[in-house]
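Notes follow once the structure below has been shown.
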Amino acid sequence: MYALVDCNNFYVSCERVFRPELRNRPVVVLSNNDGCVVSRSEEAKALGIGMAAPAYQHELLFRQQGVAVFSSNYPLYGDMSNRVMNLLGEMAPDMEIYSIDECFLNFTGCDYLDLEAQGKNICQKIPQYTGIPVCVGFAPTKTLAKAANNIAKKFKDKTGGVYVIDTEEKRIKALRWMKVDAVWGIGRRSAKTLAKFEIKTAYDFTQQSDAWVRSVMSVTGVRLKHELLGTPMIEREELEVRKNIATTRSFEKNYTELPEISERVATFAVSCAEKLRRQHMQCNALMVFLMTNRHRKDQQQYNPSTVVRLPFASNSGIEIAHYAAEGLKQIFREGYSYKKAGVIIMDFTPEEEGQVNLFENSDPRHKPLMVAVDKINRALGEQKIKLGAQDMQQDWKMRQESLSPRYTTRLKDIIVAKV
DNA sequence: TCTGGGGTCCTAGGACCC
DNA sequence: TCTGGGGTCCTAGGACCC
């Protein structure tokens, strides 16, 4: 049996740990640049604030209804997530962290364990130790565990935050209740296609033939169907090693000139390289992309991208920034207003694998240089050492108007308790 | 005026090889 | 009129997830 443990309204819950007076009030957390709503308390959901709603559209509502608004505080959420995951890791034989606020626990071999009781234990212990409320769903496959978690959350008063699918009756009851678009792995597009064939619930979906499912949703759909029938089809994901690393940002204003975009792209490349070194990998290729504002229907759209292959594997910020700049030069066109850009590095090989190219290789001097740069930046703060190609004067700044303190990761932000 | 960021997997089609 | 068959690799784009 698998358990899916999911933190409730995670970012909002993190903020509330340190602001208990917000407990029964509507609270939202915004994305980077204070752009969209990405986490909502139950009270905020009740006000009709949708997921991913642009913040500016709700400014009036926020004020009128006294909604507490926060900018994203990733150092805080990351640290709170670690605390939750560390505790959960001790409560099952095996765990698989799926995202910042979710993990699968594997109870294979625990045939005599009372899962319901273990679930209750989790729902009690995690909030007691971390302040973060969670719900737990148990089932024989991951997709069904997701469904069980949905039920646990939806009927929290009745379930106490725990639901176990361990019989055929419960499985069928759950699938008949679940709308097909709520199934993990069925998105908006597939749901629309399925609706055309009168497939409304997860149960309806499982009644279709493999061949038909494959024809509309490819092998992914077939796997999903069997997961819902109770046969595990989704393997353990090895998340430790990433296959791509991306740094992308929307700009606070439109850019029209190559030099200003070039500075930002250099910074994205340097940031990718740093993440890559932390993984002890090198990349063999990178992609640069540019985007105009896709929300502006009145503007000419241009969303080019290009893949640049490196002549040698590298994780040097200097080299990666150099090839990113070359890619950018290829795709940049005058006459457009650019709103977003990004660098994605890919095709990784391990650091130790070393030189494979006879004629061209990564500059060996960069290795000790990067070690030194990482050391300094880690000790003195991000981006203290930069390339000349980066934005030295940095006249841009991410909008973060309602940022909470880093309560758990910065000494001067530690909360002061008065007796 | 404003509307995020970072991932994975799958498929179709083109280029190329013998 | 007719113009093979069987591979691999790469890329772009779609769909989905949090």
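All values below were derived from every heavy atom in this structure, side-chain atoms included, with hydrogens, water molecules and symmetry-related copies excluded. Model, not experiment: these values are computed from the prediction. By convention in this document, chain letters (A, B, ...) are assigned in the order of the sequence lines, proteins followed by strands, and residues within each chain are numbered from 1.
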Between A:Ala246 and A:Tyr11, just flag the one whose closest nucleotide in DNA chain B comes earlier from the 5' side. A:Tyr11
Could you grab the distance from atom CG of A:Asn149 to atom CZ of A:Phe138, nearest 0.5 Å is fine? 10.5 Å
Considering only side-chain heavy atoms of A:Asn32, which listed nucleotide, C:dA12, B:dG4, C:dC18, is closest? B:dG4
Mind listing the N/O atom pairs, protein and nucleotides 1-3 of chain B, below 3.5 Å?
residue, atom, partner, partner atom, Å
B:dT3, OP1, A:Lys339, NZ, 3.4
B:dT3, N3, A:His295, ND1, 3.3

If you compare every side-chain N and O of A:Thr248 against the phosphate oxygens of B:dG4 (OP1, OP2), does one of them come in below 4.0 Å? no
Quick one: are the ring centres of A:Phe205 and A:Trp212 less than 6.0 Å apart? no
So, do A:Tyr11 and A:Phe70 have ring centers that fall under 6.0 Å from each other? no
Can you list the stems that DNA chain C is part of, where a stem is at least 3 pairs in a row, each Watson-Crick or G-U, with both distances below 3.5 Å? B:5-18 with C:5-18
When you measure from the side-chain N and O atoms of A:Ser99 to the phosphate of B:dG7, is any distance below 4.0 Å, counting only OP1 and OP2? no
Shortest side-chain distance from A:Arg223, nucleotide among C:dC18, B:dC9, B:dG7: B:dC9
Hey, which of these two, A:Arg214 or A:Asn244, hits DNA chain B nearer its 5' end, going by closest nucleotide? A:Asn244
Close approaches to DNA chain B from residues 64-91 of chain A, in residue order (heavy atom, under 4.0 Å): none
As an exercise, state the distance from CD of A:Gln65 to CZ of A:Arg25, rounded to the nearest 0.5 Å. 11.5 Å
Kindly point out which of B:dG5, B:dC10, C:dC18 is positioned nearest to the side chain of A:Thr220? B:dC10
